[in-house]
A.B. asks: 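Below is the structure I would like to discuss, written out as structure tokens.
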Amino acid sequence: SQQGEEDPQALSIQEGENATMNCSYKTSINNLQWYRQNSGRGLVHLILIRSNEREKHSGRLRVTLDTSKKSSSLLITASRAADTASYFCAPRGTNAGKSTFGDGTTLTVKP
Amino acid sequence: GAGVSQSPSNKVTEKGKDVELRCDPISGHTALYWYRQSLGQGLEFLIYFQGNSAPDKSGLPSDRFSAERTGGSVSTLTIQRTQQEDSAVYLCASSSQQGAHETQYFGPGTRLLVL
């Protein structure tokens, strides 16, 4: 199985600022996914980056991947109060098998 | 069709009672996960079903916890003799396991409170 570790545990910023969250993992991956969770509800898939990609964009989200360092980062630009949530990464290896989650990064965006 | 659904959405029970939590995955999804999340904490993996394979029960915290998945679809998580520390949100997720490109789709969770 694969599990990512998110850093920092908590992040608090002002609306309009950028938020950067990091993910580290230990095994070789085929892709890495980021999920978001609002206030104890289910997680929602945000973006997937493949191992042969270094950067990917989706709206205000920018994800980078450094397979040599086994790390990824999620950048949210021009943050909004509605971005307040917990963010989780999920590395996926080449073998099918369960993918679990770490403790996430809790982002608070102050209006 | 519909996403993952869970029932009940909220459950309040007394210590020592048994509870059953239900998960209806997305039709056709072969993989199903149960997680537990205590207030302000991350997700704790409980159990994983994949097709007809034996479930991965490595995350179940004690023998009071069990889960079934009948007919490869609906799953029930049972907690026997509930304790106050069992209070948490129980999340179910399903996926169409296609090699490494798995995306988990989560239900809204069941909020369990043991008094």
Side-chain angles (χ1 to χ4, degrees), chain A residues 1-10 12 21 23 25 27-53 56 58 65 67 84-108, chain B residues 2-7 9-10 23-26 29-51 53-60 87-113:
Chain A
S1 66
Q2 306 94 31
Q3 180 171 314
E5 292 187 8
E6 298 86 356
D7 173 71
Q9 287 187 330
S12 181
M21 290 157 272
C23 170
Y25 57 92
T27 60
S28 297
I29 62 168
N30 180 286
N31 66 72
L32 186 142
Q33 302 171 27
W34 284 90
Y35 289 76
R36 164 189 166 133
Q37 182 185 36
N38 284 83
S39 184
R41 300 181 63 84
L43 277 67
V44 174
H45 182 261
L46 291 177
I47 193 168
L48 179 153
I49 185 166
R50 292 182 169 79
S51 61
N52 62 354
E53 298 176 313
K56 195 164 185 177
S58 177
L65 180 64
T67 53
T84 295
S86 292
Y87 293 82
F88 298 83
C89 68
R92 287 290 294 166
T94 53
N95 296 318
K98 72 171 191 262
S99 175
T100 57
F101 297 87
D103 291 337
T105 292
T106 299
L107 173 65
T108 301
Chain B
V4 178
S5 61
Q6 293 185 244
S7 61
S9 55
N10 294 281
C23 172
D24 283 85
I26 293 173
H29 279 192
T30 58
L32 187 148
Y33 297 76
W34 282 99
Y35 297 91
R36 177 170 73 173
Q37 188 175 35
S38 300
L39 187 64
Q41 303 297 311
L43 272 70
E44 177 186 3
F45 165 78
L46 296 178
I47 188 168
Y48 165 64
F49 296 89
Q50 170 53 35
S53 302
D56 180 343
K57 304 179 181 180
S58 60
L60 295 178
S87 296
V89 176
Y90 289 82
L91 293 166
C92 172
S94 72
S95 71
S96 174
Q97 187 99 1
Q98 295 178 352
H101 296 279
E102 176 195 40
T103 296
Q104 294 184 31
Y105 295 84
F106 281 77
T110 292
R111 287 155 184 77
L112 174 66
L113 177 61

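Order of the sequence lines fixes the chain letters, A, B, ..., with proteins taken first and strands second; residue numbering starts at 1 for each chain.
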A.B. asks: Answer yes if the side chains of B:Q104 and A:Q33 hold a donor-acceptor pair under 3.5 Å, and no otherwise.
C.D. replies: no
A.B. asks: Looking at A:F101 versus B:F106, is the centre-to-centre ring distance below 6.0 Å?
C.D. replies: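 Close enough - the centres of the two rings lie under 6.0 Å apart.
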A.B. asks: At a 4.5 Å cut-off on heavy atoms, which part of B:S58 comes close to chain A: side chain, backbone, both, or neither?
C.D. replies: side chain
A.B. asks: Quick check for you: to the nearest 0.5 Å, what is the distance between A:S86 atom OG and B:Q41 atom CD?
C.D. replies: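 Reported to 0.5 Å precision, the distance equals 10.5 Å.
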A.B. asks: Counting only heavy atoms from other residues, nucleotides and ligands, does the tally under 6.0 Å from CD of A:E53 exceed 12?
C.D. replies: yes
A.B. asks: Do the side chains of A:D103 and B:L43 get nearer than 4.5 Å, heavy atoms only?
C.D. replies: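 No, their side chains stay 4.5 Å or more apart.
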A.B. asks: Relative to chain A, which segment of B:Y105 carries a heavy atom at a distance below 4.5 Å: side chain, backbone, both, or neither?
C.D. replies: neither
A.B. asks: Is the number of heavy atoms from other residues, nucleotides or ligands under 6.0 Å of B:E44 CD greater than 12?
C.D. replies: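 Atom CD in B:E44 is crowded, with more than 12 foreign heavy atoms closer than 6.0 Å.
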A.B. asks: What's the separation between atom OG1 in B:T103 and atom CG in A:N31, rounded to the nearest 0.5 Å?
C.D. replies: 7.5 Å
